[in-house]
Amino acid sequence: MSFTPQLPPVAKLEQKTVVDLVANGKRIDDRTADSYRQLHIQVGLIEKANGSAQVHLGKSKVLVGVKVETGTPFPDTPDEGVLTVNAELGPLASPLFETGPPSEQAIELARVIDRGIRESKAVDMKSLVLLKGKKVQVVFVDIYILDHDGNLIDAASIAALAALASAKMLKAELKGDEVVYKPGLHSLPLNNHPVAVTFAKVGKTIVVDPVLEEEQVMNARLTVTIEKNGNICAMQKGGLSGFTQDELKTVVHLAVQKAAENRAKILAAAKG
Amino acid sequence: MSFTPQLPPVAKLEQKTVVDLVANGKRIDDRTADSYRQLHIQVGLIEKANGSAQVHLGKSKVLVGVKVETGTPFPDTPDEGVLTVNAELGPLASPLFETGPPSEQAIELARVIDRGIRESKAVDMKSLVLLKGKKVQVVFVDIYILDHDGNLIDAASIAALAALASAKMLKAELKGDEVVYKPGLHSLPLNNHPVAVTFAKVGKTIVVDPVLEEEQVMNARLTVTIEKNGNICAMQKGGLSGFTQDELKTVVHLAVQKAAENRAKILAAAKG
Amino acid sequence: MSFTPQLPPVAKLEQKTVVDLVANGKRIDDRTADSYRQLHIQVGLIEKANGSAQVHLGKSKVLVGVKVETGTPFPDTPDEGVLTVNAELGPLASPLFETGPPSEQAIELARVIDRGIRESKAVDMKSLVLLKGKKVQVVFVDIYILDHDGNLIDAASIAALAALASAKMLKAELKGDEVVYKPGLHSLPLNNHPVAVTFAKVGKTIVVDPVLEEEQVMNARLTVTIEKNGNICAMQKGGLSGFTQDELKTVVHLAVQKAAENRAKILAAAKG
Amino acid sequence: MPEPKQPEKLIDDKGIRIDGRRLDQLRPIKLEVGILDKADGSAYIEQGKNKILVGVYGPREAHPKHIALPDRAVLRCRYRMAPFSVDERKNPAPSRREMELSKVIRESLESVVLTDLYPRTTIDVFIEVLQSDGGSRCAGITAASLALADAGIPMRELVAACAVGKIQGHMALDLSDAEDKYGEADLPVAWVPNANLVTLLQMDGILTTNEFEKGLTMALDACKTIHGMQQEALKKKYLVIKEVAEEREETEVVA
Amino acid sequence: MPEPKQPEKLIDDKGIRIDGRRLDQLRPIKLEVGILDKADGSAYIEQGKNKILVGVYGPREAHPKHIALPDRAVLRCRYRMAPFSVDERKNPAPSRREMELSKVIRESLESVVLTDLYPRTTIDVFIEVLQSDGGSRCAGITAASLALADAGIPMRELVAACAVGKIQGHMALDLSDAEDKYGEADLPVAWVPNANLVTLLQMDGILTTNEFEKGLTMALDACKTIHGMQQEALKKKYLVIKEVAEEREETEVVA
Amino acid sequence: MPEPKQPEKLIDDKGIRIDGRRLDQLRPIKLEVGILDKADGSAYIEQGKNKILVGVYGPREAHPKHIALPDRAVLRCRYRMAPFSVDERKNPAPSRREMELSKVIRESLESVVLTDLYPRTTIDVFIEVLQSDGGSRCAGITAASLALADAGIPMRELVAACAVGKIQGHMALDLSDAEDKYGEADLPVAWVPNANLVTLLQMDGILTTNEFEKGLTMALDACKTIHGMQQEALKKKYLVIKEVAEEREETEVVA
């Protein structure tokens, strides 16, 4: 059951400061409304994963690992591989997070990232089939939040794409019943590059890439995921209030632009 | 672990009223001790289920859906299909119900309905085998409680039988490894028609089809499930006290009569 | 998440008594520091298990049942059977134990016993294979604590070895796809006899086989499991403090001696 | 049950969809208010083959207590699919999809409920999808608004919801199961008309920004229509009650 | 372990059952009281191959607190089968069957325990089936009564329990595993003799109403016998304690 | 990813191990302190291919309250492996191994933390194994000590930890993954140097008592070395902070 979350007590004065700043075209960390925090992407940190990327978005830190393993396809898609996105919002990353099974926030995060990858057909699922209906390759995208200072969706989206784009895998084949691996590393077959761009409505103003303090006072949140051709491939509104029709139009166009900027950085980092 | 339930606070005066009425051969809703509330049965509401029935028993409302799917038999019964009865006593139906995994009350309800169907051999389990020991048809009976005003067992039993008796299924066959369906709808193979009849002991008097207010003051509860030949196929006593030997004899004979009355209504409704 | 346990309130005076006694070379139940409580082993109590043993170690009581069933090997050990050790520290045995999924104490207990059996290669895992990579025999060792008066690890270790050493099983073979059993009972193939010996450090003194009162005041605990040739095959330190290097050396040598004494008793009991 | 087969075309040469609708046409909608006895408020919606029941309890004491908020009621929401509501039986254990939808549905309702009137309590919304046919989250929101109103919970206004999608390259209103499955995009929207706030917005599939804008307009127009139906349904319920009240002395009514 | 094979006949030409019993004969029963050290009360029963241990704790502070009742003790009951208690190893996770039996066993005991003497506390009954052989719920109730008495919990009287069943067309007392499995019906009964109340009654299989009546009488007769054994077992325990008390100064006794 | 193949030999003719180390040689160790923003204290360790992050929160109010202790802080510890930290993806659900290690790691730290200064609070240690390469529990303890110190939690001294093992018949320090897997024994040790207390000790495999004694000495020597590195790492962190403090006015620092 989902219920209204208990936000940590933030002093009214502090809340007012954040809102007033945004109302005056400023932000608590001196950015403009439409600019991201500093973005740092490092790939390949986890040698045991097929792909990995650590992303610092300001003080938010996310690590994503990609593993490719052999498994069984879903009965209704016998000629496709399997993609699984999982997120851990563990208590290491924030006093707001608790131990235990994935919270609704973790599930939402994972599903939004999943939708962006899946709907843009980023991973070439057909090429992951070893034996139709019986054996396919399963791509696990595991999102590990290390430090939560706001906008985890974009940090995770960026890290997931960087990890996928830099992933290397052995070519698997079936010999009789057994999976054998051929020598030589190949890239994971990637056809698209979805990038999530998240906005927060603070007071009446919309800012991109909200920092934690802004998330704690925002009225609503919107994530727009843009694929490489500039089309929308996923959206998710969050938060207790909403957006006007005009706001949505503006935001979608800004998302296209911001996604392109971040995509260039991601692909550059993934190439090393 | 099972523990003494916490009943909602019912005013002593109200409790006394219910008990006094019953002691004087009357009931809170003007019925006689041996009569049921108004029974309304509607089948086929859920087109996506093979069978379904919604039952109103007074203000109690239960919806049962029957689905037939392909699965694996149990290792110790390779030449039989599988029957699974599941009940959801969700928080929609009563302030007494909570979210979370099935309560002991939900489990008891499902198991009593299951026992009636299974022990009377109502569903022809042999006819559900596609390939002995490997592939069989699985009959899911899902009980959904919508409104709890007492005597959920009988309402669920009636709805389950109506859903089974009105269920239509495609004929499945194995072609090599794959299940194929032949055109044309058939009835689910049904050999028997078990009907549960539930009694409550209020004070020293026994009433059939207890309403919620009676359940909240009853000393004990007894369900007797009768199959089509008038034999008992399941029994379940509930509640904190018990019944005398003589009471049990009386009740069993009354159950035979009441089951026959309700069975006629169920089969009529199932035929549409 | 593991957290500092809440010990039941033991009167300071009582705690002091236990510590003072040990400091003076005495113990609350009149034993010497290096002696076990009375050990009673009974095998074969559970006819439905392949092997079973009930152990009384003073007032601590443990029942272990061994079952051999057919199952699937782990993918990375296709040519070995499976060994599974499970422990139940249920609320029957102590007011300190609760209902619910296994506590960290139960998991630690099971894993320490498992390690002793596994690392000493006690069960001949190769001989349990019916069809490489597909079907093997699975040995379940289920530890049931009945009464907790301290040193459950040793009581469980003794019971597990006695149950394994006295276990009888039918010879299984594959006929086509099916498992068939040949007539005649055989012993479970056992190559080694690991025995755990547990010490508690009370004040500055180390005692073997701590009773509950000693466990409640001990600084630290050490289990040393010794296999039949006098080598160590498992160790586990517990408790909030630790041991000096010299203490560890002393304790390990004492463990070799005590394990040999207990092993003789176990094997005698297992033979009946 | 075996799934229905993929239709050859989702739109025919005359621009008509497989169920006979035009691109901008809603499926038939039926709304009923106050149909449960025990719940404090309830509503039922049929939209296409969707059959959804919503029950509301509250404001009532928060349980467990630690979820209570000092300055407002906690809104709780559970979206749940009956095992028999879909072609292949759904496992009764809550799925990740159900958990996500419970959250976004709750967030679509939060801004209209006057929660600050009932601090330290909960208002519980249980959405039971008895049969699902595409757009169930939107239909659930439409019914949940009615159930909240039926429970007498003070609200700024009703929330209406409807999805729009893309099939065979065209934006189309209120996708059915088959259109959702074989179409190119789905865009569920919830709208609070007077505040002019979109309080639920999700999307999956591929849309150009133009298609998004067009689709959003179609969805909001449909929400307006649905909002009218919601008000009718509430009136009908209260008319019935009024009549009954004149016959009997109490205002209680059997749905 | 592979299951034993189905016997050719459950009753031979002389009316004798596979384990040598007549139709109205109980299996051998062994009762022991006070055999656990930590539990406040305990008892052990063997009935056929059933081996069941029951421990009782309480009255003690309710934990978690919210389950406490203001006017009586909460009775809690857990029926549990050891993984090795049955032919095929039982998964240690609680099964639906165990949950149902915990409930009906609790309900069979509720009316004899004077719970109103201990408001806000719990009385916990843990029934551990170490080996199961048909009729384990009844044997569990028989032992649980003794364990409650051993814990010094005030009770109106002891509850005795026994199942009756139908095999090869005849009503037979106290079915064993094979009889239960290959027979036609099973009817477990718990009885409070002085109050003359049947507090547990379940049935599965097919019985005519006449067979039910006959079976019920057989079961109650057996309960009477078992009730006598229970009283003997309690006396024996207290005799032992008395002797020990005369030898030592304390009344504590090692089982 | 497919697992690496078993090496032909773990030690070559010159006594050199597969990664080029001598038997008594540690893998390269890198320690960083204070690298997380939200945690009250944090540390990062690389030891061979182990990459482990530790965050500490507290002392803070105990939640849930009933775990609080009246006379000391409750130390809580969670050892967790990321799904991508091992060759074959680890299921995110907590494993029995993780639960056991959480316990023994907590017990290795309990005696150095001055918990009696903070009654009724918790001090939480979260150990996240991002990549695992043999000896991760010891590396986790080494880093956890630093993270506790970084959080400003008063401690008697730092705990250092290192495993020793047996490969091809020789005792060898600080086993890597392959050595652990194909070797004969593994003996993880945590040491509190000044108190001279071994606070973590586990063993699996086969060791003679002589081998155990030799191995223990090797492990404690290595712990001494690691203890030195820990103190260096702390100094470095505080030097950086000092410099920063001179530049800015606050002492806060971005890792």
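On a predicted model such as this, the values are computed, not experimentally measured, just so you know.
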(request) Check each atom of Arg97(D) against the heavy atoms of chain A and say whether the ones under 4.5 Å are side chain, backbone, both or neither. (result) both

(message) Between Glu119(A) and Gly205(D) (side chain of the first, backbone of the second, donor and acceptor by atom type, cut-off under 3.5 Å), is there such a pair?
(response) yes

(request) Flag the pair Ile206(D) / Cys233(A) as yes when at least one side-chain heavy-atom distance between them is below 4.5 Å, and no otherwise. (result) yes

(request) Let me know if Phe126(D) has heavy atoms under 4.5 Å from chain A in its side chain, its backbone, both or neither. (result) side chain

(request) Answer yes or no: is there an ion pair linking Glu104(A) with Arg96(D), defined by an N-O contact shorter than 4.0 Å? (result) no

(request) Report the residues that fulfil salt bridge (Lys or Arg N to Asp or Glu O under 4.0 Å) with Asp34(A), sequence neighbours left out, ordered by chain and then residue number. (result) none

(request) Would you name the heavy atoms of Cys77(D) and Met1(A) that are closest together and state the gap between them? (result) O-CG, 3.5 Å

(request) Classify the side-chain pair Glu100(D)/Ser2(A) by whether it contains a donor and acceptor separated by less than 3.5 Å. (result) no

(request) Could you tell me whether the side chain of Gln6(A) and the main chain of Ala68(D) form a donor-acceptor pair under 3.5 Å? (result) yes

(message) Using heavy-atom distances under 4.5 Å, tell me whether Leu109(D) contacts chain A through its side chain, its backbone, both, or neither.
(response) neither

(request) Applying side chain to side chain contact (heavy atoms under 4.5 Å, CB included) between Phe3(A) and each of Leu69(D), Ile67(D), Leu75(D), report the one that passes. (result) Ile67(D)

(message) With salt bridge (charged side-chain N to carboxylate O under 4.0 Å, His left out) as the rule and sequence neighbours excluded, what pairs involving residues 159-177 of chain D come up?
(response) Lys48(B)-Asp177(D), Arg21(D)-Asp174(D), Arg27(D)-Asp174(D), Lys166(D)-Glu211(D)

(message) Is Val104(D) in contact with chain A via its backbone, its side chain, both, or neither, using a 4.5 Å heavy-atom distance?
(response) side chain

(message) Heavy-atom cut-off 4.5 Å, strictly under: side chain, backbone, both or neither for Ala185(D) against chain A?
(response) neither

(request) Using modelled atom types only, decide if a donor and an acceptor are shared between the side chain of Lys237(A) and the backbone of Leu200(D) within a distance under 3.5 Å. (result) no

(message) Quick check for you: among Ile226(A), Asn231(A), Val256(A), which has the greatest number of heavy-atom pairs under 4.5 Å with chain D?
(response) Asn231(A)

